[in-house]
Amino acid sequence: MGLLARIRKEWFIIGIVLVILSAKLQPSVGVKGGPLRPEVTVAYFAVSLIFFNSGLSLRTEELTSALLHFRLHLFVQSFTLVFFPLAVWLLLRVLELTPIDQWLLKGLQTVSCMPPPVSSAVILTRAVGGNEAAAIFNSAFGSFLGIVVTPVLLLLFLGSSSSVPFSSIFSQLFMTVVVPLIVGQVCRRFLREFLERKKPPFGAVSSAVLLMIIYTTFCETFSNPNIELDPTSLLLVVLIIFCIQISFMLLTFAFSTTSGSGFSPADTVAVIFCATHKSLTLGIPMLKIVFEGYEHLSLISVPLLIYHPSQILLGSVLVPTIRSWMTGRQKAVKLSALQPV
């Protein structure tokens, strides 16, 4: 793969690095009251645009075939929104005894509270050849569920800024998340044929807006001289994130392949990715709303910024291995079905 092709493929990850460096060089551009006016452009317009875009791109008609697979849906949503946060909370009780930066540890907890992503789990499930319909349903349903559950989990495990009351958080979430999603879905009903014919770059639009949110978040951090990021803590957090991802992928694989699970090999693939992936596109805007006023907001955001590319990298590396396992398992199931009793 050539350099330009690699840049086009990884432009979002490169963009994250560039906007953080830009924020470091000139933080005054993206702070409150600065030229970008993030208190208005980001807090309302940028966040709303991301969720309107999600509503417009979500093919709800594709979910009907997966709707009745209740056991799979229950496992995925319970794992990602109940077991995941509790397991990380217990892990942090141990990690708090180490010298790792406490705000990065809080960031690990915020990662655990996030819903599954709309895109990456579906893309990897499709690449393997797994149950794509189940992956689409759980990514979409988890995103909708996360609008309510994720802020509750964040407030439960971490608390909120004293300057933003609970009722204000949810009213802002409703206006900037729920309403744009609904409006996007309504618009899709009228524009479906046009959207399917033209195939607008929904993912690229959301990613570009997300880069603006990340930029302004780090502008706020770098404009505060009292905040420093410890390199050793950052490296340890990266290692911890990879360990969490690998451990949880193995755990979901072990559970979904037991004889009593009732999951097919294709179902297992969807479970592995949907239950362990976390959404950056939904997560950063939610953190921006729930923790508005926190001077350490960007440090809390760092683990989520790491988790997103690492889950894609790890998943992509494992695609051939998981595909080989699934193909072999499916052949074994077919052969056993052909065997005379």
A.B. asks: Do P116 and V76 touch side chain to side chain, with heavy atoms closer than 4.5 Å?
C.D. replies: no

A.B. asks: Would you confirm whether K198, through its side chain, and L195, through its main-chain N or O, come within 3.5 Å as a donor-acceptor pair?
C.D. replies: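 No; zero donor-acceptor contacts below 3.5 Å.
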
A.B. asks: Can you name the residues that form a salt bridge (Lys or Arg N to Asp or Glu O under 4.0 Å) with R197, not counting sequence neighbours?
C.D. replies: none

A.B. asks: Do T258 and F263 come within less than 4.5 Å of each other through their side chains, counting heavy atoms only?
C.D. replies: no

A.B. asks: Determine whether a donor-acceptor pair (N or O, by modelled atom type, separation under 3.5 Å) exists between the side chain of T216 and the backbone of M212.
C.D. replies: yes

A.B. asks: Shortest non-hydrogen contact from P180 to M175?
C.D. replies: CD-O, 3.3 Å

A.B. asks: Quick one: pull up OG in S264 and CG in N131 and give me the separation to the nearest 0.5 Å.
C.D. replies: 6.0 Å

A.B. asks: Roughly how far, to the nearest 0.5 Å, is CD1 of I300 from CG of D101?
C.D. replies: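 It comes to 10.0 Å.
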
A.B. asks: Do L251 and F79 come close enough that some side-chain heavy atom pair is under 4.5 Å?
C.D. replies: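 Yes, their side chains come closer than 4.5 Å.
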
A.B. asks: Less than 4.5 Å apart, side chain to side chain, heavy atoms only: is that true for M249 and L314?
C.D. replies: yes

A.B. asks: Among the clusters formed by ILVMFWY side chains lying less than 4.5 Å apart, do V31 and V29 turn up in the same one?
C.D. replies: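 No; tracing contacts between hydrophobic side chains, which count when under 4.5 Å, never links both residues.
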
A.B. asks: Say you draw a straight line from CG of L49 to CZ of F52; how long is it, rounded to the nearest 0.5 Å?
C.D. replies: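 Reported value, rounded in 0.5 Å steps: 8.0 Å.
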
A.B. asks: Could you list all the ring-ring contact (aromatic ring centres under 6.0 Å, His included) pairs where at least one residue sits in residues 265-284, not counting sequence neighbours?
C.D. replies: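 Matches after skipping sequence neighbours: F273-H277.
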
A.B. asks: For the hydrophobic clusters of this structure (ILVMFWY residues joined by side-chain heavy atoms under 4.5 Å, transitively), does one cluster hold both V271 and L74?
C.D. replies: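 In one cluster: no.
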
A.B. asks: Using side-chain heavy atoms (C-beta onward) and a distance below 4.5 Å, is I240 in contact with I100?
C.D. replies: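 Yes, side chains in contact.
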
A.B. asks: With clusters defined by side-chain heavy atoms of hydrophobic residues (ILVMFWY) lying less than 4.5 Å apart, directly or transitively, does L97 cluster with V237?
C.D. replies: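 No, because V237 and L97 fall into different hydrophobic clusters, even though each may have its own neighbours under 4.5 Å.
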
A.B. asks: Could you tell me whether the side chain of S112 and the main chain of Q109 form a donor-acceptor pair under 3.5 Å?
C.D. replies: yes

A.B. asks: In the structure I gave you, are the side-chain heavy atoms of T150 and L145 within less than 4.5 Å of one another anywhere?
C.D. replies: no

A.B. asks: Measure from the side-chain N and O atoms of S78 to the backbone N and O of F75, and report whether any donor-acceptor pair falls under 3.5 Å.
C.D. replies: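 Side chain of S78 to backbone of F75: no pair is present.
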
A.B. asks: Determine whether V183 and R188 satisfy the following criterion, side chain to side chain contact (heavy atoms under 4.5 Å, CB included), listing intermediate values before the conclusion.
C.D. replies: CA-CA 9 Å; V183 172; R188 182 176 178 82; over 6 Å; no

A.B. asks: Can you give me the closest heavy-atom contact between P38 and K32, atom names plus distance?
C.D. replies: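 Where P38 meets K32 most closely, the heavy atoms are CG-N, 3.9 Å.
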
A.B. asks: Answer whether the closest heavy-atom distance between the side chains of T80 and K278 falls below 4.5 Å.
C.D. replies: yes

A.B. asks: List the steps and the verdict of side-chain hydrogen bond (donor to acceptor under 3.5 Å, both in side chains) for S310 and Q245.
C.D. replies: CA-CA 9 Å; S310 64; Q245 290 177 346; 3.0 Å; yes

A.B. asks: Contact between W89 and P85 at the side-chain level, heavy atoms closer than 4.5 Å - yes or no?
C.D. replies: no

A.B. asks: So, for F141 and H73, is the gap between ring centers shorter than 6.0 Å?
C.D. replies: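 No, the ring centres sit 6.0 Å or more apart.
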
A.B. asks: L86, V88: one ILVMFWY side-chain cluster at the under-4.5 Å cut-off?
C.D. replies: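 Result: yes, single cluster for both.
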
A.B. asks: Taking it one step at a time, do W325 and T257 satisfy side chain to side chain contact (heavy atoms under 4.5 Å, CB included)?
C.D. replies: CA-CA 11 Å; W325 168 84; T257 53; 3.7 Å; yes

A.B. asks: Can I182 be reached from F190 by stepping across I, L, V, M, F, W or Y side chains whose heavy atoms are under 4.5 Å apart?
C.D. replies: yes

A.B. asks: Looking at C113 and L153, what are the two nearest heavy atoms and their distance?
C.D. replies: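 Looks like SG-CB, 3.6 Å.
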
A.B. asks: Counting N and O atoms only, with roles assigned by atom type, does the side chain of S247 sit under 3.5 Å from a partner on the main chain of I244, one being a donor and the other an acceptor?
C.D. replies: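 Judged by distance alone, no pair lies under 3.5 Å.
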
A.B. asks: I need the L92 CG to F157 CZ distance, nearest 0.5 Å.
C.D. replies: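 Reported to 0.5 Å precision, the distance equals 9.5 Å.
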
A.B. asks: Which heavy atom of L36 sits nearest a heavy atom of G30, and at what distance?
C.D. replies: CD1-CA, 4.3 Å

A.B. asks: Drop me the distance from S256's OG to D267's CG, to the nearest 0.5 angstrom.
C.D. replies: 8.5 Å

A.B. asks: Identify the two heavy atoms, one from L304 and one from I284, that lie closest to each other, and give their separation to 0.1 Å.
C.D. replies: CD2-N, 3.9 Å

A.B. asks: Give me the atom names and distance for the closest heavy-atom approach of L56 to C187.
C.D. replies: CD1-CB, 3.8 Å

A.B. asks: Who are the ring pair (Phe, Tyr, Trp, His ring centres under 6.0 Å) partners of F84, not counting sequence neighbours?
C.D. replies: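 Scan of F84 (ring pair (Phe, Tyr, Trp, His ring centres under 6.0 Å), adjacent residues dropped) gives F248.
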
A.B. asks: Output, in order, the C-alpha distance, side-chain angles, deciding distance and verdict of side chain to side chain contact (heavy atoms under 4.5 Å, CB included) for F253 and I322.
C.D. replies: CA-CA 10 Å; F253 175 80; I322 298 175; over 6 Å; no

A.B. asks: Taking the side chain from N138 and the backbone from A134, do they hold a donor-acceptor pair closer than 3.5 Å?
C.D. replies: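 Here the side-chain-to-backbone pair exists.
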
A.B. asks: What distance separates R323 CZ from L124 CG, expressed to the nearest 0.5 Å?
C.D. replies: 11.0 Å

A.B. asks: Any Lys/Arg nitrogen of E96 or R93 sitting under 4.0 Å from an Asp/Glu carboxylate oxygen of the other?
C.D. replies: yes

A.B. asks: Walk me through whether K106 and T110 qualify under side chain to side chain contact (heavy atoms under 4.5 Å, CB included).
C.D. replies: CA-CA 6 Å; K106 289 180 184 293; T110 67; 5.6 Å; no

